[in-house]
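Here the structure is laid out as structure tokens; the discussion comes afterwards.
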Amino acid sequence: MRGVPALLALVLVLVLASCGGEGGASAPAGGSGETASLWVTRDRGTEVLIDERVPAGLDAIDALERHAEVETRYGGRFVQSVNGLDGSLERRHDWFYFLNGIEPDRGGAEIELRPGDVLWWDFRAWSGDMAQPIVVGAFPEPFLHGWNGTRRAAVVRAPPELGSEADRLLEVLGGAGGKEEPNVFALLVEPGARGATLAAARGAENDSPATFTLSGSLAAVRAAASALARDPAIVRFRYEARFDEEGRVVE
């Protein structure tokens, strides 16, 4: 700060500190004031630790540092600890994250948040499947904002008897407009089933098309589809969701 008076230098230091220091001082891209969502949970979303808004334009780690004490590893690309909750090789627990419900194949420092994105950090065991390529708990993402700012077209596939439910869901998913191969929401009736399950799948690439499948008895699928159209947040923070015959989410 050669040539800057000492008092002004002190003011500049205090301003930088109030912006979060090196980890979180970056301004959102373009200074537009647009935001993204930040969620922090543990144990596959069963406990919610943080639910806040952050400026778009931050990377996934900078965004987390806006609302938590964070320790990183591997050159700052991966999260080791959030508010003292540490990943452990011995205990097989670690921090994983999703962008619009998609688990990326790269470090959080390489992911830039765009307006409307949902960033979800979850502390969980990886003794079973370490990878969870996509989850339903950010619904109606990734239909609305897609991956890296590209929204795919949305399609709802359903038998004729569920046509009205399909139409309402398509409205929630932002309509059919979009680019490239569509993301699909499928309503599937399984004779003899009780209740319904909502699960998601995608291809190997981060930007692969996503398929959400709501399957079960006719009554449960109809009721669950209607409930999701009324309030998509009923499946928030869940890796997948189960419904009873009346369309209520069950544990």
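Residues meeting the side chain to side chain donor-acceptor pair (under 3.5 Å) test with W121, sequence neighbours left out: none. Remark: T41 pairs with W120, D122 by the side chain to side chain donor-acceptor pair (under 3.5 Å) rule, at least two apart or across chains. Residues passing the side chain to side chain contact (heavy atoms under 4.5 Å, CB included) test with F78 are R73, Y74, sequence neighbours excluded. Legend: residues meeting side chain to side chain contact (heavy atoms under 4.5 Å, CB included) with R114, ordered by chain and number and at least two apart, are D117, N148. The side chain to side chain donor-acceptor pair (under 3.5 Å) search around Y97 returns none, not counting sequence neighbours. Considering only residues two or more places apart in sequence or on other chains, D105 meets the side chain to side chain donor-acceptor pair (under 3.5 Å) condition with N206. Remark: H93 engages F123 in a ring pair (Phe, Tyr, Trp, His ring centres under 6.0 Å) (not counting sequence neighbours). For E52, the side chain to side chain contact (heavy atoms under 4.5 Å, CB included) partners are I50, H67, not counting sequence neighbours. Take A158 and apply the side chain to side chain contact (heavy atoms under 4.5 Å, CB included) test, not counting sequence neighbours, and it matches L162, A166, L187.
For residues 187-197, the salt bridge (charged side-chain N to carboxylate O under 4.0 Å, His left out) pairs, not counting sequence neighbours, are R194-E245. The salt bridge (charged side-chain N to carboxylate O under 4.0 Å, His left out) pairs that include a residue from residues 77-88 are R77-E110, where partners are two or more places apart or lie in different chains. The salt bridge (charged side-chain N to carboxylate O under 4.0 Å, His left out) contacts involving residues 212-234 comprise E165-R222, where partners must be two or more places apart or lie in separate chains.
Here the side chain of Q80 pairs a donor or acceptor atom with the backbone of G87 at under 3.5 angstrom. Between the side chain of R236 and the backbone N or O of G45, no donor-acceptor pair lies under 3.5 Å.
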